[in-house]
Each structure stands twice: as C-alpha cells, then as structure tokens.
Amino acid sequence: MDRHEPLSDSENRTDLLLRGGTVVDPSLDLNRVCDITIRDGRVSAIDVGLPAEGHRVVDLSGRYVFPGLVDLHAHICWGFTDIGLVPDDICPSTGVTTIVDAGSSSWPSQEAFRRNVAEPSRTRVFGFSNISSVGIPTAGTPELASLRFVDVDRSVASVAGNPDLMTGIKVRQGQHLVGDNGIEPTRLAVEAAEQLGVPVMVHVGNTPCPLGGIMDLLRPGDIITHAYHGHPHGILDDHRAIWQDVIEGHNRGILMDVGHGAGSFKFDVAKAAFERGFFPDAISTDLYTVNVNGPVFDLPTTMSKMLNLGMALEDIVRATTSIPSAAIGKTGLGTLRPGEAADVAVFELEEGAFDFIDSHGDRRTWPLRLTCDMTLLGGEVVYNRHSADMDRKPVGTHGTDAT
Ligand SMILES: [Zn+2]
C-alpha cells in the first residue's frame, strides 16, 4: 500500500494506548501523568501503567492530553451566510471536536444548517437558534431592528423539533442591532428558551443598558458572550472593578463566555478582571470569516491568551471542555470518562516569545503558547502534527472519504 494512501476506517480506528501524557480532565478531577486506552472508538480505561496488549501505543510523554475541545461560540453556516466557516477546515488541527454555531441560523434556515453543515461534518456540530428569523447573514445585519422578525412560537417549535442539533437560543443585544427595541429581544429570547428548557446566549457590547440590567433577565445556565469586550456597558466600573450586580448575576449561575471575535476581546479588560479573580466560565472564539486570519485565529490561540493573562491551565481546560458541554446539555462530551466517545486533544505547551493581538489591535509578546499536536474524534486520529501520512486522514470540506 502506498504510504500516502489514507488509512481505511478500520485501520484508523485501531485500538490505541495513549501512554505517558499529562492528562488534564477537570470532569474527572484529573491532572497527572497517566495512560488512556481506547477501544471501539470509546475511552476504555484511564490509569497509570495500563498494559499495551492489543493496542497500538502512542507515546505522549512531555505532552498534555485534554478531552476534545468544545468551542461554544463560532459561526459555521457556510454557504448561506457571509460569515460561516467550514467546521472540518478549522477544527481538527486545533483540538476542537465539538463546535457550536451561535445564532447564524434561525427557524427558516434550520434545515439548511442541518443538511449543509451538520450532516456533512465529521466534527460534532450543534447550534443556538437566533431569536430573529433573519439569523446572521452578515456580521453587521441588524437582525433585531424590528421585532416583526421575532416569532417566539416558531422558534420554539423549530428547536423542539431538532433536539439532536439545536441546543439553545441566541440573541444579539448590541444597540446597533436592536434599534429602538431596548432589551425586549433578550426578554423574548428568554421566553422561548424557558418553554424549551434550553439556555439563552446573549451577545453583549454597546448594549442599550448596563450589563446588570440584562443579566437581571437571565436564569442560571444562560450565557453572556463577549464578556471581556472593550465597549461601553462592560463588566468594569469606573474604578476598574467588576460591577456588583454582574458579580451577583455570575454567582446566581449565569455563565461568562469569552467569545473573542473581531471586536469583542480586550486584553486590558481581561487583565483587570483576572486580577480581581473574575475569570471566564467558558472560553470560545466567535470565529468567523473576518477574524480567522487574526485577531482570533483559533481556539488554542484564545486559550494561550488566557494562560498568559494568568488563568490556570486546569481552569482553561475546564472552560473549553466540561463547562461548555454541560452548558449545551451534552455531558458525554468534554470528558475522558471511560465509556464515552474518545474525543481527545493532545497539546504541546511551548515556551518562547509569541506575539498575540486582541480585538482592539493591542499587541503583546508573551512566553507561553498551546499548540495542538494530535486530535482524536471518536477514537479516530483526525490530525497529527508530526505525521504527514500514517496517522492523518485527509479532512475535506465535506468530511467524507471521497476526494
Ligand atoms: Zn458571534
């Protein structure tokens, strides 16, 4: 067989022993060197000194091993929005095994999302349905300028009819997106989500009122995305402390998500917040066509920024695995618990001098960078940085074996 021939499915799903990596899995309260065995696409054991018999051994000494990453906020409705990226183009090489579209689609485009995006993707795909029927065709579309674009009943019916795919309701609450409608869009999003028993994700930044006024409408498990934006009505008061009502909302169980994006993450805001112990619950990219070549690039770059800003590695892993998977009600993902699908992200923590840039053009040179070495999806190696052929299966636009 030609060495460059992709491995067949059965060969690629050979039972593996991942040996000697530092496994960080907050869902298992695990942060130590140990082995993982994978059988039939699932984690079969995780312990020190597991026997190799019957398994192909992969030496991961000196590497970190995380559960496959979950990006809670991205835009992947390629083909029918201007902002959508192709999941299988961006995920395998970055350790991301589950990606969540944050409101690019809504009830009229639900079927397009399923057929064009979710079904052809090898990467696991979920979505939040926009409370506006318009969805997000372009980044600047004011989809909530008129409340005629909101139909709570149809939104509820659509999400309820697609429980395998749709995991929440999205609302963009920016002033330039909602016109004269104040915070009524968020109230309507909560009304829909309440009927469905799913979370609401609220885009903030230049909101019509202070953040606390929006958080007052939210329930535990709802999500504020763009939490560290640098625009008016952010998390910081005039003394660069966290607003008391924001702390109270967070303590009540509202999740704070990074949602980096092209305009929604400021180093200085995150630094001030981190110094006061106000860290994100979820770290997501808000990746879309305009920011994938910078300033966001990918989830590991976003995680590296958090690391250099002082967030602990274990908390960063929790914020990209168990918390986002729980937020969308998929607790079998974002974990290496035996019996669950073997989604695994192997990382190298590089030391050197690395350049980073935020959404406001502020630049920093920092000493740490997380780089993805290998990604397994359901026990299958879908990316291997150090092997051009044997362990790497081509990842195509449509995620099939066809060329
Ligand atoms: Zn977004």
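Numbering of ligands and ligand atoms starts at 1, following listing order. Hydrogens, waters and symmetry mates are skipped; everything else that's a heavy atom, side chains included, is used.
Within Asp286, the N, O or S atom lying nearest to the Zn ion (ligand 1) carries the name OD1.
Applying the ring-ring contact (aromatic ring centres under 6.0 Å, His included) test between Phe265 and each of His229, His231, His260 identifies His260 as the sole match.
The pair Arg39-Asp15 meets the salt-bridge criterion, with a side-chain N (NZ, NE, NH1 or NH2) lying under 4.0 Å from an Asp/Glu carboxylate O.
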Trace of the side-chain contact (heavy atoms from CB on, under 4.5 Å) decision for Leu368 with Leu349: CA-CA 7 Å; Leu368 301 173; Leu349 180 55; 4.3 Å; yes
Ring pair (Phe, Tyr, Trp, His ring centres under 6.0 Å) evaluation trace for His226 with His73: CA-CA 10 Å; His226 309 316; His73 179 168; 5.2 Å; yes
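Checking His203 against the Zn ion (ligand 1), every N/O/S atom stays at or beyond the 2.8 Å cut-off. For the Zn ion (ligand 1), the set of nearby N, O or S atoms under 2.8 Å includes one belonging to His73.
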